[in-house]
Amino acid sequence: AILEDLIPEASAFADGGRILDIGCGHAPVAVAMLERFPRMTACLMDPSERMLELAAERCRRSGVADGRVELRCDSLESALDRGPLPPHDL
């Protein structure tokens, strides 16, 4: 249901938008969006290195690990302490 809620908003950025997925876990939402909108890029952020490893593996298996995904091992709080969040549309 989350993905279906995001699709109308994401459609506006389908020709080159950027997703910021904070607390991405193994990245099910971001990967689904990248599969649906091949021109989108994503920054996947999670404080767990293990979750980012799983996210990277999911991206590879899904065919979206083609330079469109940036992985960051970080929490929202730490990222905000250093300054603005990475640029994003969604």
Side-chain angles (χ1 to χ4, degrees):
I2 292 173
L3 182 58
E4 287 77 22
D5 292 342
L6 290 175
I7 287 174
E9 189 172 342
S11 297
F13 304 106
D15 287 330
R18 184 165 172 85
I19 302 164
L20 175 60
D21 191 349
I22 299 170
C24 67
H26 57 96
V29 173
V31 168
M33 297 295 281
L34 291 169
E35 288 176 328
R36 182 163 185 136
F37 303 108
R39 292 185 180 186
M40 281 188 151
T41 60
C43 177
L44 307 180
M45 186 184 302
D46 199 285
S48 167
E49 288 185 28
R50 179 63 182 143
M51 285 293 106
L52 286 178
E53 289 170 5
L54 293 172
E57 182 180 323
R58 178 177 278 232
C59 289
R60 279 191 298 276
R61 281 194 330 261
S62 300
V64 299
D66 53 4
R68 296 187 296 146
V69 177
E70 174 188 355
L71 300 170
R72 289 189 180 201
C73 189
D74 211 347
S75 69
L76 176 59
E77 295 80 14
S78 295
L80 288 172
D81 285 345
R82 286 192 303 283
L85 292 173
H88 61 281
D89 301 302
L90 183 64

>> Quick check: is F37 connected to L90 through a chain of hydrophobic side chains (ILVMFWY, heavy atoms under 4.5 Å apart)?
In response: yes
>> Any non-hydrogen side-chain atom of L34 less than 4.5 Å from a side-chain atom of S62?
In response: no
>> Before you tell me yes or no, could you show the steps for E53 and R50 under salt bridge (charged side-chain N to carboxylate O under 4.0 Å, His left out), namely the whole-Å CA-CA distance, both residues' side-chain angles and the distance that decides it to 0.1 Å?
In response: CA-CA 5 Å; E53 289 170 5; R50 179 63 182 143; 3.2 Å; yes
> About how many Å separate CZ of R72 and CG of D46, when rounded to the nearest 0.5 Å?
Replying inline: 13.5 Å
> How far apart are the closest heavy atoms of C73 and P47, and which atoms are they?
Replying inline: SG-O, 3.6 Å
> What heavy-atom pair brings M40 and R68 nearest, and what distance separates the two atoms?
Replying inline: O-NH1, 3.1 Å
> Considering all heavy atoms of both residues, which atom of L52 and which atom of C24 are nearest to each other, and what is their separation?
Replying inline: CD2-SG, 3.9 Å
>> Return the CD1 to CG distance between I22 and L76, rounded to the nearest 0.5 Å.
In response: 4.5 Å
> If two hydrophobic side chains count as joined below 4.5 Å and joins carry through other members, does V29 share a cluster with V69?
Replying inline: yes
> At what distance, to the nearest 0.5 angstrom, does CE of M51 lie from CZ of R58?
Replying inline: 10.5 Å
> In Å and rounded to the nearest 0.5 Å, what is the CZ to CG distance from R18 to D89?
Replying inline: 9.0 Å
>> Looking at every heavy atom in both M45 and S75, which two are closest together, and how far apart are they?
In response: SD-O, 4.1 Å
> Do you know which two heavy atoms are closest between L44 and A55, and how far apart they sit?
Replying inline: CD1-CB, 4.3 Å
